[in-house]
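Below is one structure, written out as structure tokens; the observations come after it.
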Amino acid sequence: MITVYKNKADIPKDAGLVELNDLFFNQNIIERLDMRAEGIVREIDGAELRPDYRIVSGINGELLNIDRLSTGCKTALNIHYFPEKVFSLKECGDNALGVIYAYQAGMVYSEYPIIALSMESVRICGRDGERIISDYEELKGWWQNV
């Protein structure tokens with residue numbers, strides 16, 4: 001399950017925080033990207049990933065470079081291929097959040113609630129240790145210190 005941090009101070013020093021997901025993707029993903037990403041790209045952006053690392057737009061069928069994926073899709077791919085790092089959720093839309101919250105591994109950060117409505121369970125980490133939350137409202141309350 002995905003691990004969620006709301007305070008930068010709680011992020012393990014060896015993991016590091018990536019806040020510029022777009023830039024990180026553009027600089028690092030090509031060396032790791034394979035066709036396992038095809039389903040993620042299709043689900044989030046409605047695009048078709050080609051073996052030459054270009055995409056066919058789901059909107060108009062235009063052939064585009066992979067750097068034209070949405071930042072939410074890039075964030076989901078970053079988490080998928082680099083589960084040892086912590087990635088900011090700030091630029092993710094609901095379509096990407098649904099995929100990210102379903103991951104069985106990976107770490108994310110946001111200082112305010114960014115939650116997929118379809119979330120099942122997440123591991124939260126904070127000053128009080130870690131625990132598992134399986135309820136949207138409970139996770140929102142944790143974020144808001146309720």
Side-chain angles (χ1 to χ4, degrees), residues 1-12 14-51 53-59 64-146:
M1 79 186 57
I2 201 81
T3 300
V4 179
Y5 297 92
K6 67 176 179 177
N7 297 306
K8 288 181 180 180
D10 297 329
I11 295 172
D14 62 334
L17 172 62
V18 176
E19 294 189 84
L20 301 173
N21 290 307
D22 206 312
L23 179 63
F24 183 90
F25 178 90
N26 292 343
Q27 291 179 341
N28 296 285
I29 206 70
I30 291 299
E31 60 195 43
R32 293 198 185 190
L33 193 64
D34 57 25
M35 292 313 288
R36 293 179 296 161
E38 189 172 20
I40 296 168
V41 170
R42 187 178 308 110
E43 186 171 352
I44 296 173
D45 280 357
E48 177 189 336
L49 179 63
R50 294 173 30 124
Y53 303 113
R54 292 190 291 171
I55 57 171
V56 178
S57 170
I59 297 172
L64 304 167
N65 289 328
I66 198 165
D67 66 343
R68 300 294 299 271
L69 289 170
S70 69
T71 302
C73 188
K74 289 179 180 183
T75 302
L77 290 167
N78 287 343
I79 296 165
H80 180 76
Y81 286 100
F82 296 90
E84 71 281 1
K85 295 195 173 295
V86 180
F87 293 92
S88 171
L89 291 176
K90 290 179 184 176
E91 297 179 299
C92 294
D94 290 337
N95 54 346
L97 291 173
V99 170
I100 292 167
Y101 273 84
Y103 280 168
Q104 295 304 304
M107 298 180 285
V108 297
Y109 161 79
S110 178
E111 67 264 7
Y112 52 86
I114 299 179
I115 308 169
L117 291 174
S118 61
M119 65 152 291
E120 291 184 24
S121 59
V122 299
R123 176 179 296 106
I124 59 163
C125 293
R127 296 175 194 139
D128 301 331
E130 67 178 62
R131 64 186 167 105
I132 295 174
I133 293 181
S134 301
D135 178 74
Y136 176 92
E137 290 298 327
E138 185 180 358
L139 181 58
K140 184 177 175 185
W142 169 76
W143 243 307
Q144 297 173 330
N145 296 318
V146 176

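We use all heavy atoms of the structure for the numbers below, so side chains are in, but hydrogens, waters and symmetry mates are not.
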Minimum heavy-atom distance [X]-[Y], with the two atoms named:
X    : Y    : answer
C125 : W142 : O-CZ2, 3.8 Å
A96  : C73  : CB-N, 4.3 Å
Y136 : A116 : CD1-O, 3.9 Å
N65  : R54  : OD1-CD, 3.9 Å

Verify, without hydrogens or angle tests, whether [X] (side chain) and [Y] (backbone) share a donor-acceptor contact under 3.5 angstrom.
X    : Y    : result
D135 : E138 : yes
D45  : V41  : no
S110 : P113 : no
R32  : Y81  : yes

Q: Before giving the answer on side-chain contact (heavy atoms from CB on, under 4.5 Å), spell out for R131 and I133 the whole-Å C-alpha distance, their side-chain angles and the decisive distance to 0.1 Å.
A: CA-CA 7 Å; R131 64 186 167 105; I133 293 181; 3.8 Å; yes

Roughly how far, to the nearest 0.5 Å, is [atom2] of [Y] from [atom1] of [X]?
X    : Y    : atom1 : atom2 : value
L77  : R36  : CG    : CZ    : 10.5 Å
F25  : N78  : CZ    : CG    : 7.0 Å
I29  : I66  : CD1   : CD1   : 8.0 Å
I124 : I2   : CD1   : CD1   : 14.0 Å
K140 : M119 : NZ    : CE    : 13.0 Å
L69  : N26  : CG    : CG    : 9.0 Å

Sequence-distant partners of [X], side-chain hydrogen bond (donor to acceptor under 3.5 Å, both in side chains), two or more places apart:
X    : answer
R68  : none
Y109 : E111
R42  : E38

Q.
With side-chain hydrogen bond (donor to acceptor under 3.5 Å, both in side chains) as the criterion, how do N21 and T71 come out once you've worked through the C-alpha distance, each side chain's angles and the decisive distance to 0.1 Å?
A. CA-CA 7 Å; N21 290 307; T71 302; over 6 Å; no

Throw together a table of side-chain donor-acceptor distances under 3.5 angstrom for residues 87-95, partners on residues two or more places apart or in other chains.
residue: S88; atom: OG; partner: K90; partner atom: N; Å: 3.2
residue: N95; atom: ND2; partner: I44; partner atom: O; Å: 2.7

Check: residues 98-108 side-chain donor-acceptor pairs under 3.5 Å, at least two apart:
residue: Y101; atom: OH; partner: I114; partner atom: O; Å: 2.6
residue: Y103; atom: OH; partner: A76; partner atom: O; Å: 2.8
residue: Q104; atom: NE2; partner: A102; partner atom: O; Å: 3.3

Q) Any salt bridge (charged side-chain N to carboxylate O under 4.0 Å, His left out) pairs touching residues 114-130, not counting sequence neighbours? A)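 Those involving residues 114-130 are R123-E130.
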
Q: Could you please spell out the steps behind the side-chain hydrogen bond (donor to acceptor under 3.5 Å, both in side chains) verdict for K85 and N28?
A: CA-CA 13 Å; K85 295 195 173 295; N28 296 285; over 6 Å; no

